[in-house]
Amino acid sequence: MTSQNPVFIPGPTNIPEVIRKACDMGTIDHRSPAFARIFRPAVDGVKAVLRTTAGEVILFPATGTGGWEAAVSNTLSPGDTVLAARFGMFSHRWIDLCQRQGLTVQVIETPWGQGAPLAAIEAALKADTGHRIKAVLATHNETATGVRSDIAGIRRAMDAAGHPALLFVDGVSSIGSMPFEMDGWGVDIAVTGSQKGFMLPAGLAILGLSPRALAAMETAKLPRTYFDFADMRRSYAAGGYPYTPAVGLLNGLATSVQMLLDEGLDTVFARHHRIAEGIRRAVFAWGMRPYAASPDLYSDTVTAVSVPEGCNGTDLVKLAASKYDVAFGVGLGEVAGKVFRIGHLGMLTDVMALAGLAAAEMCMADLGWPVTLGSGVAAAQDYYRNANTEAARAAA
Ligand SMILES: Cc1ncc(COP(=O)(O)O)c(C=O)c1O
């Protein structure tokens with residue numbers, strides 16, 4: 001069966017028809033001017049989405065993880081220290097990658113469900129009077145727990161400590177869906193992938209690089225070949241790639257950024273917030289709660305739903321897939337079974353969100369969970385009806 005159902009995993013996200021068509025193109029010569037006509041708007045559009053004018057954008061054929069490796073290997077040297085808080089599977093994996101790259105990671109262990117601990121980051125930086133810490137790593141949106149961290153707050157903490165470390169931000173599940181201000185927040189490297197807010201298939205690592213990050217490249221000694229920024233910049237200046245680019249994906253990216261900018265970034269963020277808020281209303285109506293510890297941490301792209309005692313979130317995900325052909329996200333690592341995740345980012349509408357909530361409720365009823373059919377859907381319907389009235393009034 002070819003399913004028409006949208007997915008509710010926190011990436012890869014649903015691909016709009018217009019983007020799918022843009023990716024599906026015949027072969028062109030990637031060393032010809034035709035390629036530059038695809039590639040330049042994609043790069044310029046990503047700059048606008050990152051909200052950087054000072055920075056540069058590099059697009060690798062890879063995924064977000066490749067973007068992390070590129071960020072680290074181009075700017076740091078073996079034995080360098082980086083500072084990172086661990087509060088979920090993705091912040092953990094970034095730490096693991098740095099350790100495997102031969103870096104020393106000063107880890108601030110933080111309970112899952114919390115965000116980046118600003119006071120502890122500031123204290124660690126203040127204590128580092130010799131400036132051993134070369135970079136602060138921050139996971140903007142911890143996809144495992146549905147927690148958004150305060151990147152502007154991290155920048156304030158770094159400034160308050162008067163520390164010169166670079167700020168690297170994993171925006172894989174936030175960029176293009178939630179407010180992100182590369183220049184405004186003083187982000188030195190922003191990393192994301194094509195398969196979330198950009199609504200494309202996986203296959204591109206997307207990086208924004210500040211002038212300071214580019215300068216760090218001059219002295220960084222970690223080995224890099226495929227991910228060498230210097231090679232990419234040289235080739236970009238000549239209108240192409242040092243190797244064979246993923247042309248179809250880049251064509252899709254040019255379309256994607258145009259879609260985001262045409263809708264208006266603030267409107268895109270407001271849509272994500274509205275959809276997310278409806279989902280949260282449903283979660284509370286079920287008598288459950290988001291795993292994120294407090295409302296200021298709620299993510300507008302993914303909600304990890306804490307399931308009732310005696311229930312297993314993975315059972316719901318498996319049943320949704322086998323019986324209703326709908327995809328939700330399982331709990332990862334420490335929260336396996338304790339949560340299931342609803343991805344609500346990318347090309348999603350209120351109506352699609354309601355369908356996902358209805359499917360989750362059917363699974364809960366099938367599994368004998370203590371939930372009344374329709375309760376979450378009704379709460380979200382109420383919210384969307386009123387939120388849309390307000391949006392319509394504001395637009396009038
Ligand atoms: C926050 C975050 N960081 C990093 C990654 C890894 O990205 P990728 O799977 O594109 O390599 C993911 C993937 O879901 C993520 O959600």
Side-chain angles (χ1 to χ4, degrees), residues 7-15 46 50 58-73 82 84-98 100-101 105 110 112-116 137-151 154 167-178 180 187 189-208 226-227 246 249 252-253 256 272 276 291-292 297-304 317 327-336 339-346:
V7 293
F8 296 95
I9 47 176
T13 62
N14 301 293
I15 307 174
V46 170
L50 294 176
I58 290 186
L59 309 167
F60 288 106
T63 67
T65 310
W68 284 346
E69 188 163 329
V72 166
S73 62
V82 299
R86 172 162 35 213
F87 47 83
M89 187 51 94
F90 293 98
S91 40
H92 163 70
R93 286 196 187 148
W94 203 2
I95 290 167
D96 176 55
L97 179 138
C98 287
R100 292 206 228 170
Q101 289 283 310
V105 188
T110 307
W112 285 37
Q114 302 279 353
L137 275 42
T139 303
H140 186 199
N141 190 72
E142 178 46 85
T143 319
T145 56
V147 162
R148 174 204 349 222
S149 285
D150 177 4
I151 304 300
I154 295 179
L167 174 57
F168 296 171
V169 178
D170 169 354
V172 173
S173 60
S174 61
I175 289 171
S177 311
M178 295 182 347
F180 191 90
V187 174
I189 302 190
V191 177
T192 186
S194 49
Q195 77 275 22
K196 305 219 185 214
F198 289 102
M199 306 166 284
L200 287 156
L204 293 176
I206 298 170
L207 288 99
Y226 186 79
F227 288 128
L249 285 174
L253 182 61
S256 154
H272 279 80
Y291 191 78
L297 300 172
Y298 290 165
S299 160
D300 281 343
T301 60
V302 53
T303 300
V317 176
F328 294 101
V330 292
L332 301 172
E334 223 175 80
V335 291
V339 305
F340 75 97
R341 293 176 302 150
I342 305 176
H344 36 83
L345 73 162

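Note that the structure is a prediction, hence the values are computed from the model and not measured. Every number for a ligand or one of its atoms is a count from 1 in the order of the listing.
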Any nitrogen or oxygen of G64, main chain or side chain, under 3.5 Å from a nitrogen or oxygen of ligand 1?
yes
Logged contact type for K196 with ligand 1, heavy-atom cut-off 4.0 Å, is side chain
Per-atom contacts of ligand 1 with N141, taking only distances under 4.0 Å to non-hydrogen atoms:
1 (C)
Identify, by atom number and element, the atoms of ligand 1 in contact range of T63, meaning under 4.0 Å from any of its heavy atoms.
8 (P), 10 (O), 11 (O)
F227 vs F60 aromatic rings, parallel, tilted or perpendicular, using cut-offs 30° and 60°?
perpendicular
Counting each atom of ligand 1 from 1 as listed, which ones have a heavy atom of T65 under 4.0 Å away?
6 (C), 7 (O), 8 (P), 11 (O)
Please report the shortest heavy-atom distance between I9 and G329, naming the atom on each side.
CG2-N, 3.9 Å
Relative to atom 1 (C) of ligand 1, which among T192, V302, T143 owns the nearest non-hydrogen atom?
T143
Indicate the atoms forming the closest heavy-atom contact of A71 with V191, along with that distance.
CB-CG2, 4.3 Å
F8 vs F328 aromatic rings, parallel, tilted or perpendicular, using cut-offs 30° and 60°?
parallel
Going through the distances and angles, do S299 and M178 end up as a side chain to side chain contact (heavy atoms under 4.5 Å, CB included)?
CA-CA 9 Å; S299 160; M178 295 182 347; 4.1 Å; yes
Among all protein heavy atoms, pick the one closest to atom 9 (O) of ligand 1 and tell me residue, atom and distance.
Q195 NE2, 3.9 Å
Location of contacts on D170 toward ligand 1, heavy atoms closer than 4.0 Å
side chain
Test S149 against F87 for side chain to side chain contact (heavy atoms under 4.5 Å, CB included), laying out the working first.
CA-CA 10 Å; S149 285; F87 47 83; 3.7 Å; yes
Nearest protein heavy-atom contact for atom 5 (C) of ligand 1: which residue, which atom, what distance?
F90 CD2, 3.6 Å
Backbone, side chain, both or neither: what part of W68 comes under 4.0 angstrom of ligand 1, heavy atoms only?
side chain
For ligand 1, does E142 get within less than 4.0 Å through its side chain, its backbone, both, or neither, judged by non-hydrogen atoms?
neither
